[in-house]
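Residue numbers count from 1 along this sequence. Both ligands and their constituent atoms are indexed starting at 1 by order of listing.
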Amino acid sequence: MLKKKPAYRVAVVGATGAVGAEMIEVLEERKFPVEVLRPLASSRSAGGTVSFQGAELSVKLLTKGSFEGIDLALFSAGSDVSKEFAPIAAKAGAVVIDNSAAWRMDKDVPLVVPEVNPHDLAWHKGIIANPNCSTIQMVVALKPLHDAVRVKRIVVTTFQSVSGTGKEAMDELMEECKDLLGFKQPRPKVYPYQIAFNCLPHIDEFLSSGYTKEEMKLVHETRKIMGDSSIQVTATTVRVPIYIGHSESVNIETERKLSPNEARAILSTAPGVQVYDDPAHAIYPMPLDVSGKDDVYIGRIREDESIPNGLNLWVVADNLRKGAALNAVQIAELLVR
Ligand code: 25A
Ligand code: L14
């Protein structure tokens, strides 16, 4: 854990990015005991400022010496930065909570969602990994059902917003919309194809198997977080022209039968979950409503009538908050408790 102190010296690496900015906001909003906040980024934004608790803090260039005196370092600057600098921060005495894919499957690094496996924090060795955004919202929804009836198999299709890729991708969607409304041809840079008014079944790199890395994160990270290597998972991840909020169609096969009403009852008392499910009144979660919210929203709970023990769910969460920054800060809160 972290040594008990009245307040902590916190570094945010990637402080000017989509997730880093949200981390700073969430630290402030949840009144995390911060003695000093040190925003770090690349040379592109070093020298700029970020605001925290009413003060303008200057963004410093990330260097090997950045972690002197730091208790806690939140990383969200991509895998390459995390691979190089997380061990340096840990060696300097900081506990690292890393939002990239760099350390998630390392056997010495716990991969933690506070509602699901807080106990795994006990064995960290200086680096703790924050899971992939799509995995986080799925396991928050499925853990209570797994505890009740054991989930044997998951078939998931995601509808992921562009903020998952970062700020440049959010700008690209806006520029493409403007171009198209002005009858101009969009010129995609971040994504391989136009994302405005389109969807791309392609997130992260393709592997020789035909799956993408993003799809395989859902397979491997789910098993690690749930602590059950027997869960079968297959995924299709799709980028959709939405700014914030990932949606998922989740089909599960369970060992014992669970009716939709039983599932609703279990989920309505589950931590971090809101059930938003009233088809008669067209109530179901949508990214536009869930953006800016902390919980994982679940609707469209219904029986999969094609198998004996099957259930379908629609799961939506703010990918920058529960999918990234909020989950990281919740881990930090557990460390200082
Ligand atoms: O490798 P991964 O794990 O797959 O992650 C890849 C990227 O995904 C985002 C994050 O992008 C990350 O860089 N990300 C990671 N996990 C995520 C998650 N769970 C996630 N997104 C959602 N959910 P991002 O754009 O949100 O944040 C980038 C931040 O990282 C800083 N950074 C990058 N390289 C760095 C570095 N910091 C230190 N050292 C490095 N080597 C980056 O700072 C940003 O804070 P910046 O200074 O590079 O960019 C700040 C401004 O500059 C603009 N900009 C970005 N790229 C360019 C650029 N301007 C010109 N040319 C560019 N190529 C940005 O608009 C920003 O305003
Ligand atoms: O956390 O949406 O592994 O492009 C990397 C790519 C998060 C989402 C991760 C995206 C991701 C992301």
Side-chain angles (χ1 to χ4, degrees), residues 12-14 17-23 74-83 86 96-106 109-113 127-140 156-173 176 188-196 198-207 211-225 233 235-248 287 290-291 296 315-331:
V12 175
V13 179
V19 172
E22 196 80 21
M23 283 171 164
L74 306 180
F75 275 67
S76 189
S79 293
D80 293 344
V81 173
S82 294
K83 267 183 209 135
V96 173
I97 302 174
D98 180 37
N99 192 48
S100 81
W103 299 97
R104 288 178 189 151
M105 295 312 298
D106 189 302
V109 174
L111 182 64
V112 175
V113 177
I127 303 176
I128 296 155
N130 206 49
N132 171 261
C133 33
S134 298
T135 309
I136 292 177
Q137 67 184 71
M138 187 171 85
V139 296
V140 167
V156 54
T157 303
T158 68
F159 305 70
Q160 298 186 215
S161 65
V162 297
S163 58
T165 317
K167 256 160 61 179
E168 277 184 285
M170 298 174 82
D171 295 343
E172 178 153 301
L173 173 56
E176 288 184 356
K189 290 195 298 281
V190 178
Y191 294 122
Y193 300 100
Q194 174 186 323
I195 182 62
N198 201 7
C199 66
L200 315 179
H202 176 183
I203 298 184
D204 210 334
E205 293 161 35
F206 279 103
L207 301 165
Y211 285 89
T212 63
K213 282 189 180 173
E214 186 77 353
E215 287 160 350
M216 298 318 291
K217 290 173 206 167
L218 276 152
V219 177
H220 302 303
E221 294 183 22
T222 297
R223 291 178 179 156
K224 179 166 175 177
I225 299 162
V233 186
T236 304
T237 57
V238 182
R239 182 82 59 199
V240 293
I242 287 176
Y243 281 104
I244 297 176
H246 288 1
S247 307
E248 298 178 340
V290 163
S291 160
V296 173
V315 180
V316 187
D318 183 324
N319 55 294
L320 296 179
R321 291 182 78 91
K322 187 57 193 171
L326 172 66
N327 197 72
V329 174
Q330 286 172 324
I331 290 173

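- Minimum heavy-atom separation, Val109 to Lys224: O-NZ, 2.7 Å.
- For Gln330, the side-chain hydrogen bond (donor to acceptor under 3.5 Å, both in side chains) partners are Lys322, not counting sequence neighbours.
- The proximity of Arg104 to ligand 2, defined as any non-hydrogen pair under 4.0 Å, is limited to the side chain.
- Judged purely by atom type and a 3.5 angstrom limit, Glu221 has no side-chain atom pairing as donor or acceptor with the backbone of Thr135.
- Under 4.0 Å is where a charged nitrogen must lie from a carboxylate oxygen, and between Asp98 and Arg104 no such pair does.
- Not one N or O of His246 is nearer than 3.5 Å to an N or O of ligand 2, by distance alone.
- Near Cys133, with a cut-off below 4.0 Å to any heavy atom, the atoms of ligand 2 are 7 (C), 8 (C).
- The ligand atoms of ligand 2 that sit less than 4.0 angstrom from a heavy atom of Lys217 are 3 (O), 5 (C), 9 (C), 11 (C).
- For ligand 2 and Arg239, the ligand atoms under 4.0 Å from any heavy atom of the residue are 2 (O), 4 (O), 10 (C).
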Quiz item: After noting the C-alpha distance and the side-chain angles of Thr165 and Tyr191, does the key distance pass the side-chain hydrogen bond (donor to acceptor under 3.5 Å, both in side chains) rule?
Solution: CA-CA 9 Å; Thr165 317; Tyr191 294 122; 2.4 Å; yes
Quiz prompt | Derivation of the salt bridge (charged side-chain N to carboxylate O under 4.0 Å, His left out) call for Glu172 and Lys189 | solution = CA-CA 8 Å; Glu172 178 153 301; Lys189 290 195 298 281; 5.1 Å; no
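- With sequence neighbours excluded, the residues that form a side chain to side chain contact (heavy atoms under 4.5 Å, CB included) with Ile203 are Gln160, Glu214, Thr237, Arg239.
- Residue contacts with ligand 2 include Asn132, since one or more of its heavy atoms lies under 4.0 Å from the ligand.
- The residue among Gly323, Gly164, Ala169 with a heavy atom at the shortest distance from atom 8 (C) of ligand 2 is Gly164.
- Where the criterion is an N or O separation shorter than 3.5 Å, residue side chain and backbone included, Asp204 fails it with respect to ligand 2.
- Taking every heavy atom of Thr165 and a limit of under 4.0 angstrom, the matching atoms of ligand 2 come to 2 (O), 4 (O), 10 (C).
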